[in-house]
Structures are given as C-alpha cells and as structure tokens.
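Everything on this sheet refers to the single structure shown next.
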Amino acid sequence: FSHNFRLGKTTVRTIIRQVCSAIWTKVKEVCLREPTEEEWKDIAETCQKQAQFPNCIGAVDGKHIRKNRPPHSGSLYYNYKRYSSIVLLAICDADYKFTSTDVGAYGKCSDSSIFKDSAIYHKLINKELQIPDKCPISTTNTTPMPYVLVGDEVFPLSENLIRPYLGNNLRLEKKIFNYRLSRVRRYIE
C-alpha cells in the first residue's frame with residue numbers, strides 16, 4: 001500500500017491511525033453509544049421474552065482475534081490457545097447487538113482482568129450506566145432484584161454481574177438457573 005503512494009510504511013500507518021481515530025470520534029455516539037435507562041429496560045424485556053431471564057441487560061464475554069505477533073513484544077500477545085491475539089471484550093443484547101466493546105487487550109490477559117480494567121466495569125461499579133433501579137421479577141415474587149449482566153464463570157460476581165453456579169451436583173433450582181443463564185450467554189457466544 002505504501003509503495004503505491006510512494007510513502008514510507010510508518011507514514012501510511014500514522015495516516016491510517018489518524019483517520020480511524022477521527023472517524024471514531026465523529027461516529028461513536030451514533031454507532032455505539034451507551035444505552036439509556038429506557039433502552040436498558042427494553043433490553044431486559046427482550047431477554048425476558050426470549051430467554052425467560054428477568055432483569056437481564058445483556059451478556060459479556062471476550063473473543064481472541066488472531067494477530068501477527070509484533071516484533072519485540074515477547075509473550076504479551078500469546079494466549080492460552082497457543083497463538084498471538086488481541087482480545088475483543090463485548091456486551092451484547094438479546095438481538096445480538098453490541099452495547100459496549102473494549103478492543104485491543106493483549107492476548108495473554110484473561111476476560112475478567114480485561115473487564116476489570118474496562119471503562120464499562122468502572123461505570124458499572126460506580127453506578128454511572130443509567131441502569132434502572134431494582135424491581136420485582138414477577139408478580140408472585142415482589143422482592144426488588146437488580147438488573148444484571150451475565151457472564152461465564154471467570155467474571156467476578158457483583159450486584160449487576162452474575163455468573164453460573166459451579167459444580168456438577170447442583171439442586172434443580174440451580175440447574176434451571178444455569179440453563180436460563182446459558183440461554184442469555186448464547187447471545188454473546
């Protein structure tokens with residue numbers, strides 16, 4: 001590409017980064033803005049209808065994206081799957097649409113550590129995401145329950161983030177919970 005325009009590789013790389021940065025700055029609020037409280041409620045309603053999982057505002061997971069290892073990067077990009085990668089961490093709704101992403105972490109990092117370092121996690125913990133207040137999950141159970149994201153077993157439990165019960169010999173209630181949680185997690189898988 002640089003040869004076609006008679007420019008150095010470093011110059012072309014700098015131009016591409018600047019153009020991508022400018023595009024992202026201009027369109028990020030249109031393409032990938034944070035949901036409002038009303039939009040979170042709509043997402044939760046869709047999860048309830050499609051997966052029978054109440055008060056769920058999405059699923060979170062990471063995906064390794066293959067990448068050539070940059071020179072002199074050591075093992076930073078080398079992941080447990082035995083190839084070099086960067087990680088795309090994303091949250092999606094029941095319509096398979098991303099509501100938040102974090103791209104570019106080293107392949108050696110775990111999903112949970114990437115999530116803990118992400119802006120979305122800090123906003124979640126600091127209650128800055130416009131997540132609706134707790135509400136009952138049914139007319140028979142009037143205990144207010146928080147709206148939650150679901151993840152796999154590597155993610156940390158918190159008020160707004162849940163994961164499956166661990167183990168094989170679970171009671172029926174826990175098996176049903178895990179089954180419904182897995183139905184929501186399919187959206188991000």
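The basis for the numbers below is simple: all heavy atoms, side chains too, and nothing from hydrogens, waters or symmetry mates. Just so you know, these numbers come straight off a predicted model, no measurement behind them. When a residue number appears, it is its place in the shown sequence, counting from 1.
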Name each donor-acceptor pair under 3.5 Å that joins a side chain in residues 61-76 to protein atoms two or more places apart or in another chain, with its distance.
| unit_1 | atom_1 | unit_2 | atom_2 | d |
| --- | --- | --- | --- | --- |
| His64 | ND1 | Asn79 | ND2 | 3.3 |
| His64 | ND1 | Ser85 | OG | 2.8 |
| Ser73 | OG | Pro70 | O | 2.8 |

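Between Tyr78 and Tyr83, a ring centre-to-centre spacing not shorter than 6.0 Å is recorded. Aromatic ring centres of Tyr179 and Phe53: separated by at least 6.0 Å.
Between Lys134 and Pro144, the shortest heavy-atom distance links the atoms CB-CB, 3.8 Å. Of all heavy-atom pairs spanning Tyr187 and Ala51, the tightest one is OH-CB, 3.9 Å. In this structure, Glu34 and Glu39 approach most closely via the heavy-atom pair O-OE1, 4.2 Å. Heavy-atom minimum distance, Asn55 versus Met145: ND2-O, 2.9 Å. The minimum heavy-atom distance between Asp133 and Tyr147, with the atom names listed, is O-CE1, 3.2 Å. Nearest heavy atoms, Phe177 versus Pro164: CE2-CA, 4.5 Å.
Counting heavy-atom neighbours within 6.0 Å of Lys49 NZ, excluding the residue itself, gives a total of 12 or less.
Cluster annotation: Ile120 is not connected to Val148 through the hydrophobic network of ILVMFWY side chains, with a link wherever side-chain heavy atoms come within less than 4.5 Å. Leu89 and Val154 fall within a single hydrophobic cluster, where Ile, Leu, Val, Met, Phe, Trp and Tyr are joined by side-chain heavy atoms under 4.5 Å apart, directly or via other members. The hydrophobic cluster containing Ile57 also contains Val60, counting ILVMFWY residues as joined when their side-chain heavy atoms lie under 4.5 angstrom apart, directly or transitively. With hydrophobic clusters built from ILVMFWY side chains whose heavy atoms lie under 4.5 angstrom apart, Ile188 shares a cluster with Ile86. Taken together through direct or relayed side-chain contacts under 4.5 Å among Ile, Leu, Val, Met, Phe, Trp and Tyr, Leu161 and Leu129 form part of one hydrophobic cluster.
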Determine whether Asn160 and Lys127 satisfy the following criterion, side chain to side chain contact (heavy atoms under 4.5 Å, CB included), listing intermediate values before the conclusion. CA-CA 10 Å; Asn160 298 107; Lys127 310 257 185 248; 3.8 Å; yes
One pair to check against side chain to side chain contact (heavy atoms under 4.5 Å, CB included): Glu37 and Ile131. What are the steps and the verdict? CA-CA 5 Å; Glu37 183 174 341; Ile131 294 174; over 6 Å; no
For Leu166 and Glu153, what are the C-alpha separation, side-chain angles and deciding distance, and is it a side chain to side chain contact (heavy atoms under 4.5 Å, CB included)? CA-CA 8 Å; Leu166 300 177; Glu153 55 279 345; 3.5 Å; yes
Go through the steps to decide whether Asp95 and Thr46 satisfy the test side chain to side chain contact (heavy atoms under 4.5 Å, CB included), and finish with yes or no. CA-CA 8 Å; Asp95 294 323; Thr46 305; 4.0 Å; yes
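Between the NZ atom in Lys175 and the CG atom in Asn178 there is a gap of 10.0 Å [rounded to 0.5 Å]. Rounded to the nearest 0.5 angstrom, Asp117 CG and His122 NE2 are separated by 6.0 Å. Between the CZ atom of Arg183 and the SG atom of Cys56 there is a distance of 12.0 Å, given to the nearest 0.5 Å. Rounding to the nearest 0.5 Å gives a distance of 13.0 Å between NZ of Lys108 and OG of Ser84.
With hydrogens and angles ignored, the 3.5 Å screen pairs no side-chain donor or acceptor of Ser21 with any backbone N or O of Gln18. At least one donor-acceptor pair under 3.5 Å links the side chain of Asp93 to the backbone N or O of Tyr96.
The side-chain tip of Lys116 does not point at the ring of Tyr121 from less than 6.0 angstrom away and within 45° of straight on.
Of the residues Ile162, Thr99, Ile91, the one that meets the side chain to side chain contact (heavy atoms under 4.5 Å, CB included) test with Leu149 is Ile91.
At a cut-off of 3.5 Å, with distance as the only test, a side-chain donor of Asn141 or Thr143 sits close to an acceptor on the other residue. For Ser113 and Ser110, the side-chain atoms include at least one donor-acceptor pair closer than 3.5 Å.
Inter-residue side-chain proximity for Arg180 and Val184 is flagged as unmet; no heavy-atom pair is nearer than 4.5 Å. Residues Lys174 and Arg171 form a side-chain contact, since some pair of their non-hydrogen atoms from C-beta on lies under 4.5 Å apart. Proximity of Pro54 to Gln48: side-chain heavy atoms (C-beta onward) are separated by under 4.5 Å at one or more points.
Using a 4.0 Å cut-off between charged side-chain N and carboxylate O, Glu189 and Arg185 make a salt bridge.
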